[in-house]
**Q** 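Can you read through this structure? Questions will come right after.
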Amino acid sequence: MSMIAAFYDNKSILITGATGFLGKVLMEKLFRTSPDLKVIYILVRPKAGQTLQQRVFQILNSKLFEKVKEVCPKVHEKIKPIYADLNQKDLAISKEDVKELLSSVNIIFHCAATVRFDDPLRHAVQLNVTATQQLLHIASQMTKLEAFIHISTAYSNCNLKHIDEVIYPCSVEPKKIIQSMEWLDDAIIDEITPKLIAGRPNTYTYTKALGEMVVQEEGSNLNVAIIRPSIVGATWQEPFPGWVDNLNGPSGLIVAAGKGFLRSIKATPMAVADLIPVDTVVNLTLAVGWYTAVHRPKPTLIYHCTSGTTNPCNWGKMGLQVLATFEKAPFERAFRRPNADFTTNYFTASYWNAVSHRAPAIIYDFYLRLTGREPRMTKLMNRLLRTISMLEYFINRSWEWSTYNTEMLMSELSPEDQRVFNFDVSQLNWLEYIENYVLGVKKYILKEDMAGIPEAKQHLKRLRNIHYFFNTALFLIIWCLLIARSQMARNMWFFIVSFCYKFLSYFRASRTLKI
Ligand SMILES: CCCCCCCCCCCCCCCCCCCC(=O)SCCNC(=O)CCNC(=O)[C@H](O)C(C)(C)COP(=O)(O)OP(=O)(O)OC[C@H]1O[C@@H](n2cnc3c(N)ncnc32)[C@H](O)[C@@H]1OP(=O)(O)O
Ligand SMILES: NC(=O)C1=CN([C@@H]2O[C@H](COP(=O)(O)OP(=O)(O)OC[C@H]3O[C@@H](n4cnc5c(N)ncnc54)[C@H](OP(=O)(O)O)[C@@H]3O)[C@@H](O)[C@H]2O)C=CC1
């Protein structure tokens, strides 16, 4: 019997960010392994014209939850969506809802955040710092609270090369930052942002670091723990391999490469690709929830959920395996044939951007215009290149994260819990994982049917022929122009033709002699 699974039985759990990538997998695992849990409260906002109930309905009816419905048929009754908006004061939770939460919640998993790299500091502070502070304030009044688990990121201190499982204070206290956001105007905030984030590439990593400080300071009277995952990828094993549903991190680039938009990238092939499967993060999170509630460790423990120290994979290996999977199962209606050139040189990268990205987009838009359609490829390409420029920081560096607390926790688990809540990535086979990841992107993000693979392969063959035809035509045009204008080119042409002629004559003569 799993002690962790049994721990969550009859518990009331509060999850923020339950509609997100990590939150959904967390809910799924909780229901599947502890179907007797009492209730999961989720803080949700209406979105894209959907009410809270419609959002929950959509999640429960997705493929991810198929197994849950077998194990826990009453899952609909056990999810309680609560209206909340992290952008608003006190999270905009109604008084009645707060009252219910205060009297019943046992465990909190705080996953909600803005993960955008380009968010203005004001918004990122509101979501990742102020909302965390407000949630802690509510949590501190909960009478039955046993643990508060905060999801941060392994990159919150990406300004350092070696990162321990400790909180590194930022130069300005989070309280001061929160206060200053109330009275500084946007222009001034934009001006001071580079100075504040000092050494970090974006407001996301900075505000996640501030969020950790808030958890440490304001959660001192609670049982808190912080989990720092690295780059969260598709599921490794559970509930099935390859599940992913958003374009963050590598997923967006896999789509872009598979569809032939992205063919080269400024990346260091030997840099560690610190990917971590989302189900591994969830398993560690649930184990941390149990450990924090039962063992109440003091001081606050931080757990690194990374793969680089135990089982490193690099971007070069990942890129090759992504390409190998495209060979087996190409994406449908690709713009160009997939290719993955990694370059570390700025000038080579700029050259390939011009030749492999911008030029084909301009040519395609020209073709769209000629055929009376709206040009769109250049715009799309500019957006993609902007995205890539934001990810480049992470694919050209390696970090070392110590994992003592994570290893200590593993040693505290029973063999059954180590199996059910496995977070040991040393067993992960990268080639298999990456293949499943790419297939998952095809199936669950692009919603492409595997039955369409033969047609997709045919399409790639057509693209290859167009490519050969285009290159040959281009070569001939350039050559004809050269011959028309330069005596040296004409001499060379004469030399090549006569050389070929002599070679063929010799070849024919020697064959006649042999006969
Ligand atoms: C050459 C061959 C390569 C072979 C493949 C090899 C793979 C290498 C992968 C390397 C990946 C490295 C990733 C490192 C990431 C480090 C992460 C640190 C970990 C964390 O803690 S945080 C979680 C990660 N967060 C993110 O990834 C968020 C990044 N996204 C953003 O910040 C914004 O979306 C972005 C990129 C600024 C774009 O903003 P904007 O222009 O406003 O666009 P939208 O967000 O509205 O989206 C527009 C459109 O683009 C799609 N989209 C969104 N994100 C991506 C993405 N990452 N890649 C591609 N496309 C993306 C989005 O769905 C929208 O599509 P629509 O069709 O709806 O318009
Ligand atoms: N993905 C990754 O690679 C990594 C993620 N992390 C951390 O893991 C956690 C989860 O990330 P992930 O699941 O990938 O992110 P997602 O973007 O998929 O999910 C974010 C969640 O936060 C919610 N949220 C955002 N803004 C608000 C708001 N104003 N009010 C209420 N809810 C809001 C979203 O709700 P809605 O659906 O309404 O938008 C969504 O449920 C985050 O804390 C992130 O920092 C850490 C390392 C890597």
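All ligand and atom numbering here is 1-based and tracks the order in the structure.
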**Q** Considering the heavy atoms of D85, write down every atom of ligand 2 situated less than 4.0 Å from one of them.
**A**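 Near D85, meaning under 4.0 Å from one of its heavy atoms, ligand 2 has 28 (C), 29 (N), 30 (N).
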**Q** Using a plain distance cutoff, I'd like to know if L127 has any nitrogen or oxygen under 3.5 Å from a nitrogen or oxygen of ligand 2.
**A**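 Checking ligand 2 against L127, no N or O pair falls under 3.5 Å apart.
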**Q** Tell me every residue that passes side-chain hydrogen bond (donor to acceptor under 3.5 Å, both in side chains) with Y41, counting only those two or more places apart in sequence or in another chain.
**A** E100, S104
**Q** Can you tell me if N246 has a non-hydrogen atom under 4.0 Å from ligand 2?
**A** yes
**Q** How are the rings of F240 and Y444 set relative to one another: parallel (under 30°), tilted (30 to 60°) or perpendicular (over 60°)?
**A**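 It falls in the tilted class, 30° to 60°.
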**Q** Which atoms of ligand 2 have any heavy atom of I151 under 4.0 Å away?
**A**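 Listed by number with element, the hits are 7 (C), 8 (O), 9 (C), 43 (O).
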**Q** Are there over 12 heavy-atom neighbours, none belonging to H137, within less than 6.0 Å of that residue's NE2?
**A**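 No, NE2 of H137 has 12 or fewer neighbouring heavy atoms, counting only those of other groups under 6.0 Å.
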**Q** Determine whether Y83 and V44 make a side-chain contact, defined as any pair of heavy atoms from C-beta on separated by less than 4.5 Å.
**A** no
**Q** Using the six-membered ring wherever Trp is involved, compare the ring planes of Y8 and F109 and label them parallel, tilted or perpendicular (cut-offs 30° and 60°).
**A**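 If you compare the ring of Y8 with that of F109, the planes turn out tilted.
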**Q** For ligand 2, which atoms have a heavy atom of T153 less than 4.0 angstrom away?
**A** 46 (C), 47 (C)
**Q** Output yes when the distance from some N or O of ligand 2 to some N or O of V232 is under 3.5 Å, and no in every other case.
**A**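 The answer is yes, given that V232 and ligand 2 share an N or O pair closer than 3.5 Å.
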**Q** Please compare S156, A18, A113 and report which has the shortest non-hydrogen distance to atom 20 (C) of ligand 2.
**A**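 Going through S156, A18, A113 one by one, A113 has the nearest heavy atom to atom 20 (C) of ligand 2.
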**Q** Say whether P229, considering both its backbone and side-chain N or O atoms, lies within less than 3.5 Å of an N or O atom on ligand 2.
**A**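 Checking ligand 2 against P229, no N or O pair falls under 3.5 Å apart.
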**Q** If you take the nearest heavy atom of each of H150, R45, Q50, R228, which one is closest to atom 24 (N) of ligand 2?
**A** R45
**Q** At under 4.0 Å between heavy atoms, which part of Y204 makes contact with ligand 2: side chain, backbone, both or neither?
**A** side chain
**Q** Please determine whether the number of non-hydrogen atoms from other residues, nucleotides or ligands lying under 6.0 Å from atom CE of M408 exceeds 12.
**A** yes
**Q** Could you verify whether a donor N or O on one side chain and an acceptor N or O on the other, from D279 and T235, lie under 3.5 Å apart?
**A** no
**Q** Between ligand 2 and C111, is the shortest N or O to N or O distance under 3.5 Å?
**A**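 For ligand 2, there is an N or O atom that lies under 3.5 Å from one belonging to C111.
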**Q** Do ligand 2 and A154 have nitrogen or oxygen atoms that lie under 3.5 Å from each other?
**A** no
**Q** Considering only heavy atoms, which of S251, G20, A112 lies nearest to atom 19 (O) of ligand 2?
**A** G20
**Q** Verify the neighbour count for atom NZ of K95: are there more than 12 heavy atoms of other residues, nucleotides or ligands below 6.0 Å?
**A** no
**Q** Given V25, T19, L26, identify the one with the heavy atom nearest to atom 41 (O) of ligand 2.
**A** T19
**Q** Please could you name the atoms of ligand 2 that R55 approaches to less than 4.0 Å, counting only its heavy atoms?
**A** 36 (P), 37 (O), 38 (O)
**Q** Number the atoms of ligand 2 from 1 as they appear, then name those within less than 4.0 Å of a heavy atom of K208, with their elements.
**A**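 Every atom of ligand 2 under 4.0 Å from some heavy atom of K208: 42 (C), 43 (O), 44 (C), 45 (O).
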**Q** Under 30°, 30 to 60°, or over 60°: which ring-plane class applies to F148 and H150, parallel, tilted or perpendicular?
**A**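 Parallel, since the angle between the ring planes stays under 30°.
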**Q** Heavy atom to atom 46 (C) of ligand 2, shortest distance: which of G249, S152, P46, G211 holds it?
**A**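 The residue whose heavy atom sits nearest atom 46 (C) of ligand 2 is S152.
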**Q** Does ligand 2 have any atom sitting under 4.0 Å from a heavy atom of G233?
**A**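 No heavy atom of G233 comes that close to ligand 2.
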**Q** Any side-chain donor-acceptor pair under 3.5 Å between T403 and H304?
**A**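 The criterion, which ignores hydrogens and geometry beyond distance, is not satisfied for H304 and T403.
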**Q** Identify, by atom number and element, the atoms of ligand 2 in contact range of S230, meaning under 4.0 Å from any of its heavy atoms.
**A** 47 (C), 48 (C)
**Q** Does a side-chain heavy-atom distance below 4.5 Å link M410 with Q418?
**A** yes
**Q** Enumerate the atoms of ligand 2 whose separation from the nearest heavy atom of F21 is less than 4.0 angstrom.
**A**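 Near F21, meaning under 4.0 Å from one of its heavy atoms, ligand 2 has 13 (O), 14 (O), 18 (O).
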**Q** Fit a plane to each ring of W399 and Y155, take the angle between them on a 0 to 90° scale, and name the class: parallel (under 30°), tilted (30 to 60°) or perpendicular (over 60°).
**A** perpendicular
**Q** Who pairs with N87 by side-chain hydrogen bond (donor to acceptor under 3.5 Å, both in side chains), at least two apart in sequence or on another chain?
**A** H123
**Q** Once you restrict to heavy atoms under 4.0 Å, what part of L43 touches ligand 2? Side chain, backbone, both or neither.
**A**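 For L43, no heavy atom sits under 4.0 Å from ligand 2.
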